[in-house]
2 protein chains.
Amino acid sequence: MSSVTSHDVAALAGVSQPTVSRALREAPGISPATRQRVREAADRLGYVPSAAGRALSLGRTGRIGLLVTDLDNAYYPLLIEPVHRALAARDHELVLQAGGGTPARVAERVLASGLDGVLMTSTTEGSDLPDELRRRGVPCVCLQRGTPGADLVDVDPTEALTELVGGLLDQGHQRVAVLSGPSDTSTGLERARVVRDVMDDRGIEVPTGWWRELPFTLEAGQQAGHDLLSADPRPTAVVCASDLLALGVLNTAATLGLRVPDDLAVTGFDDLPMAGWPLVQLSTVGYDVDDLAAEAVDLLLARIDQHEPSAPQHRRIRATARPRRSTAVPTTPRNAHPHQETR
Amino acid sequence: MSSVTSHDVAALAGVSQPTVSRALREAPGISPATRQRVREAADRLGYVPSAAGRALSLGRTGRIGLLVTDLDNAYYPLLIEPVHRALAARDHELVLQAGGGTPARVAERVLASGLDGVLMTSTTEGSDLPDELRRRGVPCVCLQRGTPGADLVDVDPTEALTELVGGLLDQGHQRVAVLSGPSDTSTGLERARVVRDVMDDRGIEVPTGWWRELPFTLEAGQQAGHDLLSADPRPTAVVCASDLLALGVLNTAATLGLRVPDDLAVTGFDDLPMAGWPLVQLSTVGYDVDDLAAEAVDLLLARIDQHEPSAPQHRRIRATARPRRSTAVPTTPRNAHPHQETR
DNA sequence: GCGTGCATCGTATACGTATGCACCTGAACC
DNA sequence: GGTTCAGGTGCATACGTATACGATGCACGC
């Protein structure tokens, strides 16, 4: 480390160490002249306050953990940077934490890291981890997915998803398959509910086996897509609870030589960067991830400041339907093309 | 925080605080009986050592910064998790750091965070940041890209890239364009050199304007791709210095209705997850990112332990050519198809 | 029986910052 | 001119852990 301490600055400025501390933090009760002298001394020595010393004294570190349980899921890396930006804007640091092991072990790792609070991703419904953390005195907020009784900041899917899927059904699809998310996640449950409502509203019946509950992964989408699309009859539309699932379906469609949207319409959720690529053009539901992160950070920091417990809060981010080519109305009648050399 | 300290444990176990410290860290000079008593007391109280206290006492935090300058580039998020894994395997934590501002300001942020060392990504050739950091006593290692005089762990592109591009040229391409990386990056420079060598070797001449120096982004690839592919004559192959550039070209090709590989062959570098997707099937050069991260972590921790300066080290990771459909030999003669309704 | 050595443990202290409190100085006021 | 008051500063200490060093006890040796 820098090894130049506030004592060194104090000696050079001819004041006491506490005066240095006060002067540099704009604390009241220091004359402008002294403040100036201290500042100059600090600059000359290249003084930077020690995080450890400050943490020990304040009982605060200014560090927030981002708990990522599912390292393999391609979605979560995309959350990291918005969260980092949001934290930086509030003068806090991001410490990445892996989520392996029992709640007790995870809680211990968090404790040992001396974090002021934790943002949790990929929380499953009914997880004890938020409780365990709060019991141990670590404020925590769930991001995107949550469990009842814990603070949660997530996306409200209802309006946008209804619009997207509704628009799809308006095209007259009768054979629709649904790849819904895991039922032990709040996102999986809610998006499924919204989709079911739209279906019911239009009187579309989803045959058994065409409604599948899957993890939010590309591979699951690919696998299920293969099952569904190589059967006869096959669906003309697949509604997916996440972009990764949808991308899996799109990939399978490409493999099987099915053309999108002519032979098959697909929708997703999340609007990952590649969803908008010309190559992909996936119709999906988008939202402002920076907004999501900022809201979560705001709530967490508020919890840290009060840190007397109060009723769990639930903040929601607006979402927007982003229809693209994957649900565009085909220029040729559906199923008119035998597929051939499309690769 | 937990607020239960080693003193509390000491009181409960009927020993002194230092004994607790020694007992729990398996330090020598503690009788098995005492050790056991201390362990039980610690368990009962749910004691977790304070990171701040330990950091202050040891002068070490066990935290490593990952400096990400280019938050917008889609490549770097993919580095975060392998680095995190590698650090976790060595009992260290990852703190994300943004790289904005002058070297002096960045160095101050790093200092203030009390990091044991820093891994730098997206270092430009000639950056003073590594020097500035070392001058301030912070060990640092460059990841993937570096600058002379600093430690560097990167990928050796020569063999694999020669093989990939060589294989491409063996198909008889005469009109080849090259999207090379920025010349102020070590990766950009070296990959360009390798590509040029292969070209020279086969006697392929790249016309002026067909060799472009671009940032490693999707947008740049898209833009340059549009320029090149809508001209007449257009290249039959585009060699790209990164997957993002190549994906940009693929996207443009899709927009223009060009078929890959029939009308156009494309190569990339990095083997991003989507490069292998059926939808994409980009020929590229792959390497083990976990390996890259582990090597960088290993070097950095070694530097921290010695921390007397010695000659800068340069470690390299093996790469492999991963030819896929984007450079497959077309089943139909090249340029035989007018493009039509391919979308 | 006394000294030597080792194993075991406690005492004192360092690490760097922040804060409660006492202290001092000068000015203002009666 | 003494008192009051407030602004400005230093002193002492707390935060929690790790370590150098000293103290104690016991076993063993002669």
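Quick note on labels: first sequence line is chain A, next is B, and so on, each numbered from 1. Remember, it's a predicted structure, so these values are computed and weren't measured experimentally.
- Between B:T187 and B:F216, the closest side-chain pair of non-hydrogen atoms falls below 4.5 Å.
- With 3.5 Å as the limit, one finds no donor-acceptor pair spanning the side chains of B:Q144 and B:T121.
- Under the rule for a side-chain hydrogen bond (donor to acceptor under 3.5 Å, both in side chains), A:Q313 has no partner lying at least two apart in sequence or in another chain.
- No side-chain donor-acceptor contact under 3.5 Å links B:R54 to the backbone of B:S50.
- Residues satisfying the side-chain contact (heavy atoms from CB on, under 4.5 Å) criterion with B:T147, sequence neighbours excluded, are B:T123, B:P130, B:A150.
- Of the possible donor and acceptor atoms, none in the side chain of A:D156 sits under 3.5 Å from a partner among the backbone N and O of A:I317.
- Among the atoms of the strands shown, only primed sugar atoms or phosphate atoms (P, OP1, OP2) are found under 4.0 Å from some heavy atom of A:V15.
- Taking 4.0 Å as the cutoff to heavy atoms of chain B, we find the contact window on DNA chain D bounded by D:dG16 to D:dA20.
- Residues forming a side-chain contact (heavy atoms from CB on, under 4.5 Å) with A:R35 (at least two apart in sequence, or on another chain): A:A23, A:E26, A:I30, A:R39.
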Generate the contact string for nucleotides 17-25 of chain C. Rules: B means base contact, S means sugar-phosphate contact only, - means no protein heavy atom under 4.0 Å.
BBBB-----
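- In this structure, the side-chain contact (heavy atoms from CB on, under 4.5 Å) partners of A:A74, at least two apart in sequence or on a different chain, are A:L244.
- For A:T5, the side-chain contact (heavy atoms from CB on, under 4.5 Å) partners two or more places apart in sequence, or in a different chain, are A:H7, A:D8.
- Inter-axis angle, ends of the helix from C:dG1-D:dC30 to C:dC30-D:dG1, five pairs per end, rounded to 10 degrees: 60°.
- In this structure A:T102 satisfies the side-chain hydrogen bond (donor to acceptor under 3.5 Å, both in side chains) test with no other residue, sequence neighbours excluded.
- Qualifying side-chain hydrogen bond (donor to acceptor under 3.5 Å, both in side chains) partners for A:T19, counting only residues two or more places apart in sequence or in other chains: A:S16.
- A search for side-chain hydrogen bond (donor to acceptor under 3.5 Å, both in side chains) contacts involving B:R85 returns B:D290, not counting sequence neighbours.
- Interface residues of residues 28-36 of chain B facing DNA chain C, ordered by number: B:G29, B:I30, B:S31, B:T34; criterion, heavy-atom separation under 4.0 Å.
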